[in-house]
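Throughout, residue positions are numbered sequentially from 1 according to the sequence presented.
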Amino acid sequence: MKVSFQIKLFISLVAFFSVLFALLGGYYYADVGKQLYQEMSARAKIQAEEIALIPSLRTEVEQKDINAIHDFMQKMAAHSDASFIVIGDNTGRHLFHSVFADRVGTTLVGGDNEAVLHGKSTTTIRKGGLGISLRSKAPIFNDAGQVVGIVSVGYLTSYLDTITVSKVVNILIAAVLLLVALFVFSWFFTRSIKKQIFSLEPREIGLLVRQQKAMMESIYEGVIAIDNERRIEVINQAARKLLGLSQPARELRGQLISQVIDPVPFFDTQTMLAKDTHDEICRFNDLTVIASRVHIMLEGSLQGWVITFRDRNEIDSLSAQLSQVKRYVDNLRIMRHEQLNRMTTLSGLLHMGRYEEAIRYIQAQSEHAQELLDFISSRFSSPTLCGLLLGKAARAREKGVELSFDPACRLDKPFLPLGEQELISIIGNLLDNAIEATQRSPLPHAPVEVLIKLSEQELIIEVADQGVGITPAIRDRIFERGITTKTRGDHGIGLYLIESYVTQAGGTIEVADNTPHGAIFSLFIPASGTVRQLEDTDYAT
């Protein structure tokens, strides 16, 4: 049977304080008893010594006047809280007993008279005629300084124990009331804690913490949680990596966000309190990011904010790849459109009974298309690459540009240093650039020459056009992000991606002027380069 955290905590608190009270009670009982014995010892000694100094009593004891002693001591005993007062002579016999008058003349009991008869006061615990008692004895001296008798004042230990118990009982009653109050406090205290932890058990909390940590570290975006004083509570590995922080998360916890990220309007107090924000372009240290900020509220009270951010360059790269996908779709749409037009024309000829014209039309339309299809399908093993090249050829034809494939083209097996998506991106961007550059040149348009060849040593990709070429002003920066010669569409991303993919695969890019005009892009990627994985950062975003 599982016991809830509230019950466990309540029982633990009650058990702990119960044991604590028991130990303190035992200590208090022993200490009170000890103090009481010391106090009563001092009281008995003072009484015995004061009685021994009474002149009339000294004379009566020396003369052994029992009646006079009895009359005098009866009055003294009536005013004392001692259990008994005994007067004895110098031979150790009773002259007076406050409790048992019939013991006059008998020998004193206890065996502790020797030191007193020699003139010393003593305090002992001995068993006497009434039982075990704490008693103090003092010698009675005559005028000559001789010991003529003994005064014994005693308190029964049973009487002292009764006093001790009565004091402890009073304390015990207070302790029980305090313990009851503690029980009530413990119950409401545990309920409050249970409420604050949302009725979760410690095991469940530990599991949630581990799950949160695993989840935070698995998030590709940078995540930072800060409290209402803008101190870091949580920061994941992606955030530390993006910001270039070498400290572990535990060292960053508690630091102001301004100590980790240079102050920017995104972290302005008034701005943060005013509203949440999503996909805001900011500058975190030396990194341009797209950031979002959301309030953390608990029962209407502001607890802090959660900030998520991502490298803007990666978003741009993803946008470029999505644009490439859109181009694939456009290519397919163009091919479908052309095919529908051809089928419509063919259908019309057949309906009119112009069978010979229909046959000639089919032959005219299919010769070049079939030749291109046969060439591409026989030279390239990747269906995706074949689809890309056929689509680009159709798109180029629509724009009045022809793609001319070199007879040496061949890529009949996977090229491991590059992932298929990277290879498609490289070839697609090169062809798009060449087609647009050719389209912008004066008529008639020269064909765009394409060479894709895989040898044992390297993969060669070469695209040559006779378009508008590359202006000298941007030639040295053509592969930088944002640098472009285009007048519309996505700007400055395609060549940036090409250079990134080729460099990471260990290859090189050569850019040269074509004759009589235009440009030639030549890519050389060694076949022995590092094998690329699908999870690579460039396209896993």
Side-chain angles (χ1 to χ4, degrees), residues 29-168:
Y29 179 82
D31 186 62
V32 167
K34 181 180 178 181
Q35 292 183 5
L36 182 61
Y37 272 70
Q38 291 176 349
E39 179 183 341
M40 301 310 285
S41 296
R43 184 181 297 183
K45 183 179 179 181
I46 291 172
Q47 290 186 59
E49 290 178 347
E50 287 182 347
I51 292 172
L53 293 175
I54 298 174
S56 59
L57 181 62
R58 293 164 58 187
T59 303
E60 293 167 354
V61 171
E62 185 178 10
Q63 296 174 357
K64 296 183 180 181
D65 187 347
I66 293 175
N67 292 328
I69 293 173
H70 179 271
D71 293 338
F72 180 78
M73 290 306 302
Q74 280 289 78
K75 297 176 181 179
M76 293 289 296
H79 293 83
S80 175
D81 63 344
S83 298
F84 61 86
I85 299 176
V86 176
I87 305 296
D89 59 13
N90 55 1
T91 62
R93 292 185 178 277
H94 284 91
L95 296 179
F96 171 79
H97 196 294
S98 61
V99 179
F100 301 111
D102 56 352
R103 292 190 180 182
V104 174
T106 61
T107 303
L108 296 172
V109 181
D112 53 353
N113 299 317
E114 192 65 29
V116 182
L117 293 175
H118 285 82
K120 295 181 178 179
S121 297
T122 61
T123 301
T124 58
I125 298 177
R126 295 295 177 89
K127 184 175 181 180
L130 295 176
I132 300 175
S133 62
L134 171 67
R135 52 192 183 181
S136 183
K137 294 187 176 184
I140 300 174
F141 296 96
N142 59 13
D143 294 337
Q146 296 175 338
V147 177
V148 295
I150 299 171
V151 178
S152 178
V153 178
Y155 294 90
L156 293 174
T157 55
S158 59
Y159 169 70
L160 298 181
D161 291 341
T162 301
I163 296 176
T164 302
V165 169
S166 65
K167 290 186 176 182
V168 171

### Message
If you compare all heavy atoms of A52 against all heavy atoms of A138, which two are closest, and at what distance to 0.1 Å?
### Response
CB-CB, 4.3 Å

### Message
Distance check, rounded to the nearest 0.5 Å: D65 atom CG versus F72 atom CZ?
### Response
12.5 Å

### Message
Can you confirm whether F141 sits close enough to V147 that some side-chain heavy atom of one is under 4.5 Å from a side-chain heavy atom of the other?
### Response
yes

### Message
Working to the nearest 0.5 angstrom, can you tell me the gap between L117 CG and I140 CD1?
### Response
10.5 Å

### I46 side, atom CD1; R43 side, atom CZ - distance, nearest 0.5 Å
9.0 Å

### Message
I'd like to check I54 versus M76 (side-chain heavy atoms, cut-off strictly below 4.5 Å). Are they in contact?
### Response
yes

### Message
Just checking D102: does its CG atom have more than 12 heavy atoms from other residues, nucleotides or ligands closer to it than 6.0 angstrom?
### Response
yes

### Message
Is there a side-chain contact between F100 and H94 in this structure, where contact means two heavy atoms from C-beta onward sitting under 4.5 Å apart?
### Response
no

### Query
Partners of S56 by side-chain hydrogen bond (donor to acceptor under 3.5 Å, both in side chains), sequence neighbours excluded?
none

### Query
For the atom pair CD1 (I150) and CG (L95), what is the distance rounded to the nearest 0.5 Å?
9.5 Å

### Task
Determine, stepwise, if the pair R58 / E62 fulfils salt bridge (Lys or Arg N to Asp or Glu O under 4.0 Å).
CA-CA 6 Å; R58 293 164 58 187; E62 185 178 10; over 6 Å; no

### Reported OG1-to-CG distance for the pair T106 and L108, which is rounded to 0.5 angstrom
7.5 Å

#### Entry: Whether H97 and F84 hold their rings parallel, tilted or perpendicular, with breakpoints at 30° and 60°
parallel

#### Entry: Rounded distance [0.5 Å steps], CD in E39 versus CG in L134
11.5 Å

#### Entry: Any Q63 side-chain heavy atom under 4.5 Å of I69 side chain
no

### Query
Is any side-chain heavy atom of M73 less than 4.5 Å from a side-chain heavy atom of L57?
yes

### Task
Quick one: which residue pairs count as a side-chain hydrogen bond (donor to acceptor under 3.5 Å, both in side chains) with a foot in residues 115-125, not counting sequence neighbours?
E49-S121, D112-T124, T123-S136

### Close side-chain approach of Q47 to D81, heavy-atom, < 4.5 Å
yes

### Query
Quick one: are I85 and S80 in side-chain contact, heavy atoms under 4.5 Å?
yes

